[in-house]
Novice: 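There's a structure below that I have some questions on.
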Amino acid sequence: MNTGQIISGAGHIAVIGWILFGGMLPERELEFDVTQVTAVSSEEYADIIARSNSPEETSEIAPPAAPEVPQDSPDLTSEADEPLAAPQPEAAPEAAPDPAPTAPPAAPQADVSPEAPVIEPPSEDMAALLPDSAARPQQRPAERVAPQQVEAPEPDTAVDDVVREEAVPDEAPSEIVREEAEATAPEAAATEIVTEADEAAPLNSVRPRTRPQQLRPAPEEQPAPEPETQTAAADPAPAPATDTSSVEDALAAALGGASAPADTPAPSINAGPPLTAGEKDGLRVAVQSCWNTGSLSSDALQTTVTVSFEMSEDARPIEATVRMLDSTGGTEGSAQQAYEAARRAIIRCGARGFGLPAEKYASWRNVELTFNPENMRIK
Amino acid sequence: MMARFTALMALLLTALTALPATAQNGPLRLEITEGVIEPLPFAVPVFVATGNGAQAAQDISNLIAADLSGTGLFREIPASAHISRITSFSSPVQFADWKAVNAQALVTGSVDVDASGGLTVQFRVWDVYAGQELGSGQQFVGTAQGWRRIAHKIADQVYSRITGEGGYFDSRVVYVSETGPKDQRAKRLAIMDYDGANASYLTDSSSLVLAPRFSPSGDRILYTSYASGFPKIYVLDVASVSRRQLPTQDATMSFAPRFGPDGQTVVYSLEAGGNTDIYTMNVGSGASTRLTSAPSIETAPSFSPDGRQIVFESDRSGRNHLYIMSASGGEAQRISNGDGNYGTPIWSPRGDLVAFTKQLQGRFHIGVMRTDGSEERLLTASFLDEGPTWAPNGRVIMFHRETQGADGQAALYSVDITGRNLRRVPTASGASDPSWSPLQ
């Protein structure tokens with residue numbers, strides 16, 4: 001055992017001992033701190049008691065007057081309770097037994113509903129459309145307007161302590177251009193001050209995508225559309241078209257780092273945040289509700305199959321990717337039957353989407369489900 | 001101290017929860033252990049008719065749907081709910097339309113009846129949600145009069161392709177037809193399709209007949225007749241309806257016969273001198289072999305599917321229980337352990353279960369248990385349930401139930417081995433002692 005381990009062990013023992021036993025002694029000392037005694041004379045004490053009792057007030061506040069109200073109608077309440085209690089237990093047993101045997105015939109009507117089961121899931125496009133319809137607040141008047149129009153806007157000049165040359169985005173990709181948005185106009189050259197309300201903020205809110213480069217440290221740079229430092233909207237030229245091509249690019253840059261080159265290899269699709277236990281249970285319950293083993297043979301009910309599939313971003317399984325990875329406990333034929341039942345469960349209940357969080361797409365894009373029919377066997 | 005302890009626990013929890021949150025490698029893996037047990041929705045749109053096949057197409061489609069629905073494992077989606085119409089057997093299936101009505105399986109087909117009465121039926125089975133065919137298309141050729149059998153065969157194929165186990169629709173049942181009051185009841189052998197259709201009589205009612213049993217190939221029937229005054233075993237050829245008595249000792253009673261799986265060996269009970277024991281006999285030579293010699297009553301023997309063991313009932317323990325012994329005799333092992341009296345055991349064609357009759361507290365039950373006596377479960381309960389017989393696939397049991405009173409009638413019922421889907425089998429008159437044939 002080397003010295004480092006000894007030191008580490010001793011240190012851990014000391015810390016644990018301090019946590020477990022070190023707090024005992026100080027607790028006794030604390031008891032003395034909280035005890036305070038104040039001497040009060042007998043007159044003062046009598047005066048305090050006299051004020052705190054205030055017998056007149058308590059007698060007025062005393063709610064006995066309220067209880068007197070129900071006392072006037074005790075007969076009504078007692079009579080009303082009896083008939084209410086009686087019919088309830090009688091109605092329950094009559095209704096319970098009859099529907100049970102006749103339940104199966106009622107089921108078909110619901111399943112044979114002509115309504116198409118496919119329901120459009122909430123998608124990014126839908127989320128993007130919503131803000132368009134929202135009324136924007138009234139623009140506030142410009143706080144200051146220059147008396148004269150500046151004839152030659154010099155967009156590249158900026159008020160700054162450090163003199164820097166503008167980097168020309170000649171061949172640079174978009175992410176480099178975004179950084180140049182820090183260039184500011186001189187205060188005197190502006191015709192007006194563009195407030196945040198007037199700034200051309202994106203009208204559409206887009207559902208955030210997965211963190212594309214989670215393993216990469218987030219850059220410190222702010223996203224390109226920086227309202228406070230941006231010059232007047234009258235300067236369209238310096239802003240490259242590629243810089244504001246889409247809001248999604250901006251969000252991706254914000255989340256994933258604007259400095260990442262465009263040809264950066266895509267990160268691992270499984271590198272997303274994991275699902276919570278509740279989200280996993282939701283998926284499990286959804287599949288279970290469609291896993292019908294009623295028509296499976298006894299042999300198929302002895303067969304456990306593992307099925308893999310891929311899901312689209314709206315949490316629907318891609319049918320072409322459903323395949324059987326493994327099977328145990330049965331013959332090839334029974335494995336095929338068990339697999340087909342599992343496939344039906346995945347496709348049927350996945351047709352409406354499993355409702356998984358889009359921001360965790362990388363965690364549930366590829367799924368492997370093991371269908372174990374042990375609890376479904378005929379017993 | 002409490003604050004420190006809380007802080008320490010929070011630190012530990014944070015560290016533990018942070019571990020799996022770092023990253024997830026590989027696909028999301030879950031285990032599904034619970035499902036639902038409900039009939040699988042299916043659709044059988046009317047088969048496309050060509051020639052003179054319109055009526056046959058309607059009848060065959062309906063019968064296939066009835067066969068499948070009658071199992072309790074499937075639920076037909078009525079034609080009124082169909083969105084798509086199959087106008088050509090070779091046209092591609094619009095799966096979206098069938099998904100919309102929640103049809104998980106789809107059966108399409110065509111029927112052609114030529115001028116000479118020849119019937120040609122083609123069919124396909126589709127997995128709607130997978131968007132692909134289950135198996136491959138098949139064609140049956142027969143006569144227009146035999147449309148029921150063709151429909152049963154198609155239903156068997158559909159059943160097999162979806163469930164993975166064999167069907168039982170193209171099979172027949174021999175039973176004892178009963179007419180008249182209980183004290184003057186006339187009994188004769190009758191045979192019918194499994195669903196009660198095409199019933200016909202094999203014997204007259206001049207003598208009492210009991211316990212008919214099909215041979216493994218379905219071409220012969222063993223039964224007990226009192227034609228000679230004593231119960232004797234007869235074998236009847238189904239095709240020619242000719243019969244002959246199996247050789248047995250004089251002044252003895254032989255009964256409860258069953259074929260062995262080889263179709264040549266018969267196991268039966270013989271009462272001689274007040275003692276009933278189990279024997280086997282070669283049908284061809286008539287040579288008998290005694291398997292038991294206990295002073296108790298041993299009867300109702302039934303071979304295992306492999307022919308190596310025999311299950312029977314005996315009262316050697318004071319009450320009727322079920323025992324299993326070697327097909328060559330020897331020591332028997334009791335497999336039933338519950339209260340009540342057990343009787344009329346019959347081995348499942350799969351070999352995994354034994355069906356039996358149980359009398360307990362004044363009521364009769366049809367039940368099943370593992371061959372070692374475990375997992376006993378009672379499927380029915382009534383005033384009198386008796387005579388279980390297995391469907392060819394070992395999934396369904398048919399038996400007879402008799403109602404109470406002087407006017408009580410016997411009728412045939414079927415039940416799934418899960419205890420669900422109890423159904424009465426339609427017969428023209430009272431019926432008892434059913435025996436299910438193998439698939440034809």
Side-chain angles (χ1 to χ4, degrees), chain A residues 19 22-24 27 104 107-108 111-117 214-215 270-275 280 283-284 287-300 308 319 333-334 336-337 340 342-345 347-348 351 362-364 366-376 378-379, chain B residues 1-5 8 20-41 71-78 80-81 83 96 99-105 127-131 134 159 161-166 350 352 375 377 393-395 416-418:
Chain A
I19 291 170
M24 292 183 178
E27 283 184 349
D111 290 340
V112 189
S113 170
E115 296 179 3
Q214 190 196 23
L215 299 179
N270 295 317
L275 295 176
K280 290 180 179 178
L283 174 60
R284 183 184 295 110
V287 176
Q288 286 180 172
S289 65
C290 285
W291 186 35
N292 184 7
T293 62
S295 60
L296 286 183
S297 66
S298 299
D299 289 342
S308 72
E319 297 183 14
S334 64
Q336 182 64 24
Q337 303 299 326
E340 288 170 357
R343 182 177 57 185
R344 278 194 293 269
I347 296 175
R348 192 158 65 94
S363 293
W364 48 261
N366 290 323
V367 183
E368 286 183 13
L369 298 182
T370 299
F371 292 80
N372 183 352
E374 184 176 357
N375 296 334
M376 308 303 295
I378 300 169
K379 295 178 180 176
Chain B
M1 178 178 177
M2 193 61 192
R4 291 176 185 172
F5 180 74
L8 180 62
T22 53
Q24 176 181 309
N25 294 323
L28 173 62
R29 294 185 174 91
L30 296 175
E31 184 175 21
I32 309 297
T33 57
E34 300 290 339
V36 296
I37 299 176
E38 58 186 20
L40 187 141
T71 64
L73 306 181
F74 303 92
R75 175 172 52 80
E76 183 193 9
I77 294 177
S80 58
I83 298 174
K99 284 181 184 177
V101 296
N102 196 30
Q104 297 182 30
D127 184 335
V128 173
Y129 280 86
L134 287 173
Y159 181 96
R161 294 182 190 186
I162 296 176
T163 67
E165 61 189 4
R350 292 177 180 171
D352 56 346
E375 298 182 22
R377 58 179 185 271
N393 66 352
R395 177 77 189 224
D416 193 273
I417 58 172
T418 60

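First the proteins, then the strands, lettered A, B, ... as listed; each starts at 1. The model shown is predicted, which means the values in this text are computed figures rather than measured ones.
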Novice: Looking only at heavy atoms, which two atoms of Gly166(B) and Asn393(B) are closest? And how far apart?
Specialist: O-ND2, 2.9 Å
Novice: Side chain, backbone, both or neither: which part of Glu368(A) has an atom under 4.5 Å from a heavy atom of chain B?
Specialist: both
Novice: I'd like to know if the side chain of Asp127(B) and the backbone of Leu134(B) have a donor-acceptor N/O pair within less than 3.5 Å.
Specialist: no
Novice: Select one option (side chain, backbone, both, neither) describing which atoms of Arg161(B) are under 4.5 Å from chain A's heavy atoms.
Specialist: backbone
Novice: Dump the intermediate steps for side-chain contact (heavy atoms from CB on, under 4.5 Å) on Leu283(A) and Trp364(A), then the final yes or no.
Specialist: CA-CA 10 Å; Leu283(A) 174 60; Trp364(A) 48 261; 5.6 Å; no
Novice: Do Arg395(B) and Thr71(B) come within less than 4.5 Å of each other through their side chains, counting heavy atoms only?
Specialist: no
Novice: Taking C-beta and beyond as the side chain, do Arg284(A) and Ile32(B) meet within less than 4.5 Å on heavy atoms?
Specialist: yes
Novice: Among Gly164(B), Gly394(B), Ala103(B), Gly131(B), single out the residue with the greatest number of heavy-atom pairs under 4.5 Å to chain A.
Specialist: Gly164(B)
Novice: Chain B heavy atoms under 4.5 Å from Arg348(A): which part of the residue, side chain, backbone, both or neither?
Specialist: both
Novice: In terms of heavy-atom pairs under 4.5 Å with chain B, which of Asn292(A), Ile347(A), Thr293(A) leads?
Specialist: Asn292(A)
Novice: When heavy-atom pairs shorter than 4.5 Å are enumerated against chain A, which of Leu73(B), Val36(B), Ile37(B) gives the highest number?
Specialist: Val36(B)
Novice: Among Ser334(A), Cys290(A), Gly294(A), Ala300(A), which has the most heavy-atom pairs under 4.5 Å with chain B?
Specialist: Gly294(A)
Novice: Would you say the side-chain atoms of Thr418(B) and Asp416(B) include a donor-acceptor pair closer than 3.5 Å?
Specialist: yes
